[in-house]
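Only one structure is covered here, and it is reproduced in the block below.
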Amino acid sequence: MKRAVFFVVLVGAALGYAAGGLDLGLGRDLEAAGFAGRLGFYLEGSPLAVRGDLILGERGGLLGEVDLLWRPRGDRFVEPYLGLGASTLIARLAPEGGLVMDVGAESFAVATAGLALRFARARPYVDVSYSYGPDPYARAGFGIVWRW
């Protein structure tokens with residue numbers, strides 16, 4: 001119980017001091033040549049940041065993904081980053097149309113490398129990700145974080 005309370009306090013403090021924003025992006029599965037849209041949040045810390053997304057269209061459904069991103073310290077206009085994360089299938093596109101709930105049927109470990117540009121209210125980025133799981137694949141994408 002003490003660990004859970006400590007964890008909640010630690011995460012709350014980290015989020016309270018972190019800047020964040022809305023993450024919008026488009027990616028392409030390099031294996032199956034399909035496109036996917038992403039919508040999520042971005043919480044910025046230094047040197048670690050957290051990105052969480054719902055990805056629609058990738059692997060034939062809806063994926064939930066969370067990444068922990070490491071960015072080198074310092075003020076740069078072009079900022080490289082590396083990330084590790086996990087994603088899991090939430091819903092699958094049915095052949096007759098619509099989404100069928102299939103939570104946790106496929107899960108992936110995700111490694112990401114990318115570049116982001118630093119502007120005042122927006123942070124465009126490009127990245128490449130490799131997802132390792134039952135059916136490994138690579139993804140390239142671009143997007144923008146609208147900061148609040």
Side-chain angles (χ1 to χ4, degrees), residues 1-74 76 78-93 99-119 121-148:
M1 181 66 180
K2 289 180 183 180
R3 286 185 184 181
V5 171
F6 176 73
F7 180 74
V8 168
V9 169
L10 181 65
V11 169
L15 297 180
Y17 288 108
L22 177 68
D23 182 14
L24 300 168
L26 182 67
R28 182 171 171 97
D29 184 339
L30 299 177
E31 311 295 325
F35 287 96
R38 61 191 307 148
L39 171 66
F41 67 90
Y42 179 82
L43 297 173
E44 183 177 343
S46 181
L48 297 177
V50 175
R51 178 173 65 190
D53 289 304
L54 290 174
I55 305 171
L56 181 63
E58 193 159 298
R59 310 313 290 173
L62 177 68
L63 286 172
E65 180 174 305
V66 176
D67 295 315
L68 182 64
L69 305 174
W70 175 80
R71 301 169 303 129
R73 291 187 186 268
R76 297 173 186 84
V78 178
E79 185 174 79
Y81 62 88
L82 298 172
L84 291 174
S87 66
T88 190
L89 185 67
I90 297 172
R92 191 177 301 278
L93 292 172
L99 289 173
V100 176
M101 296 301 289
D102 201 4
V103 178
E106 295 181 13
S107 294
F108 300 92
V110 181
T112 304
L115 293 172
L117 300 177
R118 292 179 64 122
F119 292 112
R121 299 288 294 167
R123 179 171 289 187
Y125 64 87
V126 296
D127 64 13
V128 176
S129 299
Y130 181 76
S131 297
Y132 180 76
D135 186 17
Y137 66 98
R139 173 182 66 223
F142 64 92
I144 191 164
V145 173
W146 292 101
R147 299 172 71 184
W148 54 60

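- Atoms CG and CG, from Leu24 and Leu26 in turn, are 11.0 Å apart once rounded to the nearest 0.5 Å.
- Contact of the Leu22 side chain with the Val145 side chain is not registered, since no non-hydrogen atoms from C-beta on lie closer than 4.5 Å.
- Put simply, the side chain of Thr112 never gets that close to the backbone of Leu84: no donor and acceptor are under 3.5 Å apart.
- Taking both residues in full, the closest heavy atoms of Ala36 and Gly57 are given as CB-C, 4.1 Å, listed atom of the first, atom of the second, then distance.
- Residue Tyr132 places its OH atom among 12 or fewer non-hydrogen atoms of other residues, nucleotides or ligands, all under 6.0 Å distant.
- Rounded to the nearest 0.5 Å, atoms CD (Glu65) and CD1 (Ile55) are 4.0 Å apart.
- A heavy-atom distance below 4.5 Å is not found between the side chains of Leu63 and Thr88.
- Smallest separation of non-hydrogen atoms from Val110 and Ser129: CG1-CB, 4.1 Å.
- At a threshold of 4.5 Å between non-hydrogen side-chain atoms, the residues Arg73 and Ser46 count as touching.
- Of the charged side-chain nitrogens involved, at least one lies within less than 4.0 Å of a carboxylate oxygen, so that Glu44 and Arg71 count as a salt-bridged pair.
- Residues Pro72 and Pro80 meet the side-chain proximity criterion, which asks for heavy atoms closer than 4.5 Å.
- Taking CG from Asp29 and OG from Ser131, the interatomic distance works out to 8.5 Å, rounded to the nearest 0.5 Å.
- Applying the side chain to side chain contact (heavy atoms under 4.5 Å, CB included) test between Phe41 and each of Val50, Asp23, Val66, Leu54 identifies Val50 as the sole match.
- The main-chain N or O of Arg147 is found under 3.5 Å from a side-chain atom of Arg121 such that the two form a donor-acceptor pair.
- You'll find the side chain of Met101 stays beyond 4.5 Å of the side chain of Arg92, heavy atoms only.
- Rounded to the nearest 0.5 Å, atoms CG (Leu69) and CG (Leu82) are 9.0 Å apart.
- How far CD of Glu58 is from CZ of Arg28: 12.0 Å, rounded to the nearest 0.5 Å.
- Checked against salt bridge (charged side-chain N to carboxylate O under 4.0 Å, His left out), Asp67 has the following partners two or more places apart in sequence or in another chain: Arg51.
- Between Pro136 and Phe108, the closest side-chain pair of non-hydrogen atoms is not below 4.5 Å.
- Here the CG-CD1 distance, from Leu117 to Ile144, works out to 9.5 Å after rounding to the nearest 0.5 Å.
- Ring centroid separation for the pair Tyr130 and Tyr137 does not come in under the 6.0 Å cut-off.
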| message | For Trp146 and Tyr42: C-alpha separation, side-chain torsions, deciding distance, then whether side-chain contact (heavy atoms from CB on, under 4.5 Å) applies. | response | CA-CA 9 Å; Trp146 292 101; Tyr42 179 82; over 6 Å; no
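- Minimum interatomic distance between Arg118 and Arg76 (heavy atoms only, all atoms of both residues): CD-O, 2.7 Å.
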